[in-house]
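Because the structure is a prediction, the values reported are computed rather than measured.
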Amino acid sequence: MGKTEHQKLKILYILELLYEQTDEKHAVRMRDIIAYLNQKGISAERKSIYRDLAAMNKQGFEVAYRHGKTGGWYLAGRPLN
(Lines give C-alpha, C1' and ligand atoms only; values in the text may rest on other atoms or scores of the structure.)
Protein backbone atom coordinates (compact mmCIF):
# COMPACT_ATOMS: atom_id res chain seq x y z
CA MET A 1 0.00 0.00 0.00
CA GLY A 2 1.57 3.25 -1.12
CA LYS A 3 1.65 6.29 1.11
CA THR A 4 -0.23 9.34 -0.10
CA GLU A 5 -0.76 12.74 1.44
CA HIS A 6 -4.30 11.61 2.33
CA GLN A 7 -3.15 8.39 4.04
CA LYS A 8 -2.83 10.12 7.41
CA LEU A 9 -6.51 11.04 7.19
CA LYS A 10 -7.61 7.41 6.83
CA ILE A 11 -8.70 6.87 10.43
CA LEU A 12 -10.60 10.18 10.40
CA TYR A 13 -12.42 9.20 7.21
CA ILE A 14 -13.38 5.85 8.74
CA LEU A 15 -14.70 7.63 11.81
CA GLU A 16 -16.60 10.08 9.59
CA LEU A 17 -18.26 7.19 7.73
CA LEU A 18 -19.20 5.41 10.96
CA TYR A 19 -20.51 8.61 12.55
CA GLU A 20 -22.59 9.73 9.58
CA GLN A 21 -23.94 6.43 8.31
CA THR A 22 -24.10 3.88 11.13
CA ASP A 23 -25.78 2.96 14.39
CA GLU A 24 -27.00 -0.32 15.95
CA LYS A 25 -29.58 -0.76 13.16
CA HIS A 26 -27.38 0.43 10.27
CA ALA A 27 -23.98 -1.21 9.87
CA VAL A 28 -21.40 -1.04 7.08
CA ARG A 29 -19.40 -3.99 5.79
CA MET A 30 -15.64 -3.91 5.36
CA ARG A 31 -16.03 -3.64 1.57
CA ASP A 32 -18.12 -0.48 2.13
CA ILE A 33 -15.39 1.04 4.29
CA ILE A 34 -12.77 0.22 1.65
CA ALA A 35 -14.96 1.70 -1.11
CA TYR A 36 -15.52 4.86 0.94
CA LEU A 37 -11.79 5.28 1.46
CA ASN A 38 -11.16 4.71 -2.25
CA GLN A 39 -13.60 7.55 -3.03
CA LYS A 40 -11.45 9.74 -0.78
CA GLY A 41 -8.29 8.73 -2.68
CA ILE A 42 -7.00 6.31 -0.05
CA SER A 43 -6.15 2.68 -0.71
CA ALA A 44 -6.39 0.48 2.35
CA GLU A 45 -6.16 -3.18 3.24
CA ARG A 46 -8.54 -4.96 5.57
CA LYS A 47 -5.81 -5.61 8.14
CA SER A 48 -4.94 -1.93 8.46
CA ILE A 49 -8.62 -1.02 8.83
CA TYR A 50 -9.02 -3.63 11.60
CA ARG A 51 -6.09 -1.95 13.39
CA ASP A 52 -7.73 1.46 12.93
CA LEU A 53 -11.05 0.19 14.34
CA ALA A 54 -9.20 -1.28 17.35
CA ALA A 55 -7.41 2.05 17.89
CA MET A 56 -10.75 3.87 17.82
CA ASN A 57 -12.07 1.54 20.52
CA LYS A 58 -8.95 2.07 22.59
CA GLN A 59 -9.50 5.82 22.41
CA GLY A 60 -13.11 5.58 23.61
CA PHE A 61 -15.09 5.41 20.37
CA GLU A 62 -17.48 2.51 20.77
CA VAL A 63 -17.01 0.73 17.43
CA ALA A 64 -18.85 -2.58 17.36
CA TYR A 65 -19.46 -5.43 14.93
CA ARG A 66 -22.82 -7.10 14.34
CA HIS A 67 -22.70 -10.64 12.94
CA GLY A 68 -25.20 -12.07 10.50
CA LYS A 69 -26.86 -11.29 7.21
CA THR A 70 -27.19 -7.57 7.93
CA GLY A 71 -23.98 -7.45 9.93
CA GLY A 72 -21.13 -5.02 9.77
CA TRP A 73 -19.34 -2.28 11.68
CA TYR A 74 -21.14 0.57 13.42
CA LEU A 75 -20.61 3.29 15.97
CA ALA A 76 -22.60 2.10 18.99
CA GLY A 77 -24.25 4.01 21.78
CA ARG A 78 -25.93 6.79 19.81
CA PRO A 79 -28.81 7.16 17.32
CA LEU A 80 -28.26 7.80 13.64
CA ASN A 81 -28.77 11.51 12.88
Q.
Just verifying a value: how many Å separate L18 CG and E16 CD, rounded to the nearest 0.5 Å?
A. 10.0 Å
Q) What distance separates R29 CZ from D32 CG, expressed to the nearest 0.5 Å? A) 8.0 Å
Q | Qualifying ring pair (Phe, Tyr, Trp, His ring centres under 6.0 Å) pairs with a residue from residues 34-61, counting only residues at least two apart or across chains | A | none
Q. Can you check whether I14 reaches L37 side chain to side chain, under 4.5 Å on heavy atoms?
A. yes
Q.
For a side-chain contact (heavy atoms from CB on, under 4.5 Å) check, start with the C-alpha distance between Y74 and H26, then their side-chain angles and the critical distance, and finish with the verdict.
A. CA-CA 7 Å; Y74 64 96; H26 306 90; over 6 Å; no
Q) Would you say N57's side chain and A54's backbone share a donor-acceptor pair under 3.5 angstrom? A) no
(Q) Nearest 0.5 angstrom please: L15 CG to E20 CD, how far? (A) 9.5 Å
(Q) Can you list everything that forms a salt bridge (charged side-chain N to carboxylate O under 4.0 Å, His left out) with E62? Sequence neighbours excluded, please. (A) none
Q: Could you give me the CA-CA distance, side-chain angles and deciding distance for M56 and L75, then say whether side-chain contact (heavy atoms from CB on, under 4.5 Å) is met?
A: CA-CA 10 Å; M56 287 178 201; L75 196 55; over 6 Å; no
Q) Among side-chain atoms of K10 and S48, is any donor-acceptor pair under 3.5 angstrom? A) yes
Q | Closest contact, heavy atoms only, T22 versus W73 | A | CG2-O, 3.8 Å
Q: State, with a plain yes or no, whether a side-chain heavy atom of R51 is found less than 4.5 Å away from one of R46.
A: no
Q.
Among I33, D52, I42, which residue satisfies the side-chain contact (heavy atoms from CB on, under 4.5 Å) criterion with Y13?
A. I42
Q. Which atom pair, heavy atoms only, marks the closest approach of A27 to R66?
A. CB-NH2, 3.6 Å
